[in-house]
Amino acid sequence: MAERIFIQDMARHVGAEITLQGWLADKTDKGRLQFLRFRDGTGFIQAVVFQKEVSPEAFDAAKKLTQESSVRLTGVPRAEPRAPGGFELSVKDLQVVQIANEYPITPKDHGVEFLMANRHLWLRSPRQHAILRIRARIIKAIRDWFDNNGFLLVDTPVLTPSACEGTTTLFATDYFGVPAYLTQSGQLYNEANAMAFGKVYCFGPTFRAEKSKTRRHLTEFWMVEPEWAYGTLDDYMRVGEEFVSYVVQTILQERAPELQTLERDLTKLQNVTPPFPKISYSEAVEILHTHGYPDFQWGDDFGAPHETVISEQFAKPVFVHRYPTAMKAFYMALDPHDPKVCLSADLLAPEGYGEIIGGGERSADLAYLEKQLAHHNLPREAYEWYLDLRKYGTVPHAGFGLGIERTVAWLCKLDHVRETIPYPRMLEKIYP
RNA sequence: UCCUCGAUAGCUCAAUUGGCAGAGCGCGCGGCUGUUAACCGUGAUGUUCUAGGUUCGAGUCCUAGUCGAGGAGCCA
């Protein structure tokens, strides 16, 4: 029995007889010669079956293979400049596991609705492989960076008793007779964890029940949120630019073939190195005034077109800091030099990808937070534990959240986040 | 929730002024020893989204609904 190997290790086995286990991606029938495009989950390779080189039974089986039939191939890999990928398998024998039914996703064009309804099968295509391999590597790079920079992974709960920020719509569920909600952020728990461990991060799914229907929204998405004690706004922006640059440069190094599959222009990613440009909200408003939005009012939030105009002025991601206090969450610290603005900052990605990070310095002031809770009509009793953090050794602290799917969409240059996660959850869509 | 657009074969789409339901791909059969979304020949495939209406006659026009796409707001 030939040694069973994976396509990703093919180069080490040139000239030796091996066995691959996988699926037929596509086939070209040339009569006495069959080209099989074969995949095993680790890659794609072309296999060639000559009638005179295999048994009549094996050749007949090869001719009858349908798209996505499962099959074991035994043969000899060799370098072959005519084959896509540079390697080709000369088949000596094959064993059919199942002849697949007529497969819905053909090599021709399909519409979004059809592909989304067949997401469980769409995942088998080379493009989806490239995207999800990049996603997995981004997640590893994120965790590596925090683990290597003194942050401790401290998980925050998915089921929560109340809204974290009181602003967005939550998914409600029944928790033994009392209402509970799927988390919209680990933020508040992160602050408690930072007071316990100094530098922490959480990483997990996040849920928003808002009826957002755009290319950058999911109802279930993944977010990494670091938080650290004694952090300031300036610290946050330094951490953010080092962290994001590490993730981007790691993907450029480690996932070059996948970026090539997606035909990603790499030059714009190669630019992503510290430091990033940093402008205030007020400076951003001035940019809008001179670039097509002369009527934009100070105090209004940026929409998608505004974010695009601002980010287009820079070759790197840009931090916009010191937003109007009224626009941001209740816990943001005020700027001591100008209380109309708070010590918050968002990071806008280039190429129109918009906000990928939001964060800032949190208020350490008990009296201010009590006032803010009342001002935002939030029930104080739900936040007693949070206020405790300002009673028992309060310190300045900062943190931020980075959206995984928007980061994947940016690095892959996708026009919609729905392809950045295996099973996207979107407005009124939960199948498959 | 609002605005715009759309729904015809398994898929992607066409169908003139309201007048016989079409093509390509995929699938079946036959051919081909270098194909890359192969090619050549040949064959089968329809609740035209749903309900109602106008009409001699509706894929086409009208009303309501369902589903989808793009965008807005909100956000990561």
Side-chain angles (χ1 to χ4, degrees), chain A residues 25-37 44-53 59 63-64 66-68 80-86 88 90 100-118 121-122 125-126 164-165 167-170 183-187 204-225 240 300-307 323 327-329 346-349 353-359 400-410 415-418 420-421 426-429 431:
Chain A
D26 197 12
K27 182 180 72 170
T28 302
D29 182 342
K30 286 278 295 174
R32 285 187 285 274
L33 166 61
Q34 305 283 318
F35 290 106
L36 311 180
R37 276 180 287 288
F44 292 76
I45 189 171
Q46 175 165 283
V48 62
V49 189
F50 288 101
Q51 187 172 31
K52 65 179 185 185
E53 292 182 4
F59 190 75
K63 270 188 92 97
K64 287 183 173 152
T66 55
Q67 191 184 355
E68 289 305 321
E80 171 54 76
R82 288 174 295 184
E88 186 172 80
S90 295
N101 291 298
E102 189 176 332
Y103 190 66
I105 302 179
T106 66
K108 294 286 177 178
D109 289 337
H110 298 282
V112 168
E113 183 182 2
F114 177 78
L115 289 170
M116 288 305 299
N118 288 284
L121 303 176
W122 190 19
S125 74
C164 279
E165 306 181 4
T167 51
T168 55
T169 317
L170 304 180
T183 180
Q184 61 166 337
S185 167
Q187 159 70 35
T206 303
F207 306 87
R208 304 274 166 94
E210 273 155 357
K211 300 212 167 183
S212 297
K213 186 175 157 49
T214 80
R215 64 183 62 197
R216 50 175 79 171
H217 286 88
L218 299 168
T219 56
E220 174 182 311
F221 64 98
W222 287 66
M223 189 158 65
V224 62
E225 295 173 277
D300 286 349
D301 206 352
F302 301 137
H306 306 123
E307 288 183 349
Y323 282 82
M327 265 171 53
K328 289 291 177 184
D346 290 350
L347 183 67
L348 306 183
Y353 281 93
E355 182 185 346
I356 54 168
I357 283 182
F400 64 89
L402 172 126
I404 303 305
E405 286 73 18
R406 287 187 183 177
T407 304
V408 177
W410 166 41
D415 59 14
H416 200 298
V417 291
R418 66 184 154 226
T420 64
I421 186 167
M426 294 184 292
L427 186 55
E428 288 166 16
K429 249 199 317 225
Y431 178 94

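The sequence lines fix the lettering, A, B, ..., with proteins before strands; numbering per chain opens at 1. All values below were derived from every heavy atom in this structure, side-chain atoms included, with hydrogens, water molecules and symmetry-related copies excluded. Please read these numbers as outputs of a predicted model, since none were measured by experiment.
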Using whole Å, what does the distance between atom P of nucleotide B/G68 and atom CZ of A/Arg418 come to? 12 Å
Starting the side chain at C-beta, find the nucleotide from B/C32, B/A69, B/C11 nearest to A/Lys30. B/C32
If you find the nucleotide of RNA chain B closest to A/Met426 and the one closest to A/Glu307, which residue's nucleotide is nearer the 5' end? A/Met426
Considering every strand and a 4.0 Å limit on heavy-atom distances, what is the contact class for A/Phe114: base, sugar-phosphate, or nothing? sugar-phosphate
Counting heavy atoms from C-beta on, name the nucleotide in B/U12, B/A38, B/U33 closest to the side chain of A/Asp26. B/A38
Taking the side chain of A/His217 as its heavy atoms from C-beta onward, which of B/G26, B/G34, B/A76 lies nearest to it? B/A76
Just verifying a value: how many Å separate A/Phe302 CZ and A/Asp346 CG, rounded to the nearest 0.5 Å? 9.0 Å
A/Arg37, nearest nucleotide to its side chain (from B/U33, B/A37, B/U35): B/U35
So what does A/Gly111 hit on the nucleic acid, given a heavy-atom distance under 4.0 Å: a base, only sugar-phosphate, or nothing? sugar-phosphate
Between B/G70, B/C25, B/G34, which nucleotide has the shortest distance from any of its atoms to the side chain of A/Arg215? B/G70
Can you measure from CD1 (A/Ile356) to CD1 (A/Ile404) and round to the nearest 0.5 angstrom? 10.0 Å
Taking only the C1' atom of each, what is the distance from B/C11 to B/A7 in whole angstrom? 14 Å
Mind checking which stems touch RNA chain B? I mean at least 3 consecutive Watson-Crick or G-U pairs, both distances under 3.5 Å. B:1-7 with B:66-72, B:10-13 with B:22-25, B:27-31 with B:39-43, B:49-53 with B:61-65
Would A/Phe221 pass as stacked on B/A76, i.e. its ring centre under 5.5 Å from the base's six-membered ring centre and planes under 30° apart? yes
Check each of A/Glu220, A/Met116, A/His217 against A/Met426 using the side chain to side chain contact (heavy atoms under 4.5 Å, CB included) test, and report the only one that passes. A/Met116
Within the structure shown, what part of the strands sits under 4.0 Å from A/Asp29 by heavy-atom distance: base, sugar-phosphate, or nothing? base
Distance check, C1' atoms only: B/A14 and B/A9, in whole angstrom units. 13 Å
For the residue pair A/Arg37 / A/Thr28, report whether a side-chain donor-acceptor contact shorter than 3.5 Å exists. yes
Does A/Ser212 contact B/C74 through a side-chain donor or acceptor facing the base, at a distance under 3.5 Å? yes
Looking only at side-chain atoms of A/Asp301, point me to the closest of B/A72, B/C75, B/A76. B/C75
What's the closest nucleotide to the A/Arg82 side chain, out of B/C75, B/U12, B/U36? B/U36
Can you tell me if A/Arg32 touches the phosphate of B/U33, counting only side-chain N or O atoms and a distance under 4.0 Å to OP1 or OP2? yes
Which is true for A/Pro305 with a 4.0 Å heavy-atom rule: it touches a base, it touches only sugar-phosphate, or it touches nothing? sugar-phosphate
Can you check the distance between B/A72 and B/U50, where both ends of the measurement are the P atom (answer in whole Å)? 33 Å
So what does A/Leu218 hit on the nucleic acid, given a heavy-atom distance under 4.0 Å: a base, only sugar-phosphate, or nothing? base
Let me see the working for A/Asp29 and A/Gln34 under side chain to side chain contact (heavy atoms under 4.5 Å, CB included), right down to the final yes or no. CA-CA 5 Å; A/Asp29 182 342; A/Gln34 305 283 318; 2.9 Å; yes
Polar pair under 3.5 Å, donor/acceptor by atom type, side chain A/Arg406, base B/C75: yes
Quick check: any donor-acceptor pair below 3.5 Å linking the side-chain of A/Asp109 to the base of B/C11? no
Side chain of A/Glu88: nearest nucleotide among B/U1, B/C11, B/U35? B/U35
Does a side-chain N or O from A/Arg216 land closer than 4.0 Å to OP1 or OP2 of B/A76, or not? no
Nearest-nucleotide wise, let me know which of A/Thr106 and A/Thr28 is further upstream toward the 5' end of RNA chain B. A/Thr106
Using the C1' atom as the reference point in each nucleotide, state the distance between B/U60 and B/C49 in Å, no decimals. 15 Å
Which value, in whole Å, describes the distance between the C1' atoms of nucleotides B/A58 and B/U42? 35 Å
hbond_proxy A/Gln51 side chain to B/U33 base (donor-acceptor, 3.5 Å cutoff): no
Would you indicate what A/Lys213 reaches in the nucleic acid, counting non-hydrogen atoms under 4.0 angstrom: base, sugar-phosphate, or nothing? base
N or O in side chain of A/Lys108 less than 4.0 angstrom from B/A37 OP1/OP2: no
Are the side chains of A/Tyr103 and A/Thr66 in contact, using a 4.5 Å heavy-atom criterion? no
What's the gap between B/A44 and B/A21 when it is taken at their C1' atoms, as a whole Å value? 16 Å
Could you tell me how far B/U8 sits from B/C13 if I compare only their P atoms? Round to whole Å. 9 Å
Out of B/A72, B/A76, B/A38, whichever nucleotide has its closest atom nearest the side chain of A/Ala304: B/A72
A/Glu102 side chain, from C-beta outward: closest of B/U35, B/G26, B/C11: B/G26
When the P atoms of B/C56 and B/A15 are considered, how many whole Å apart are they? 27 Å
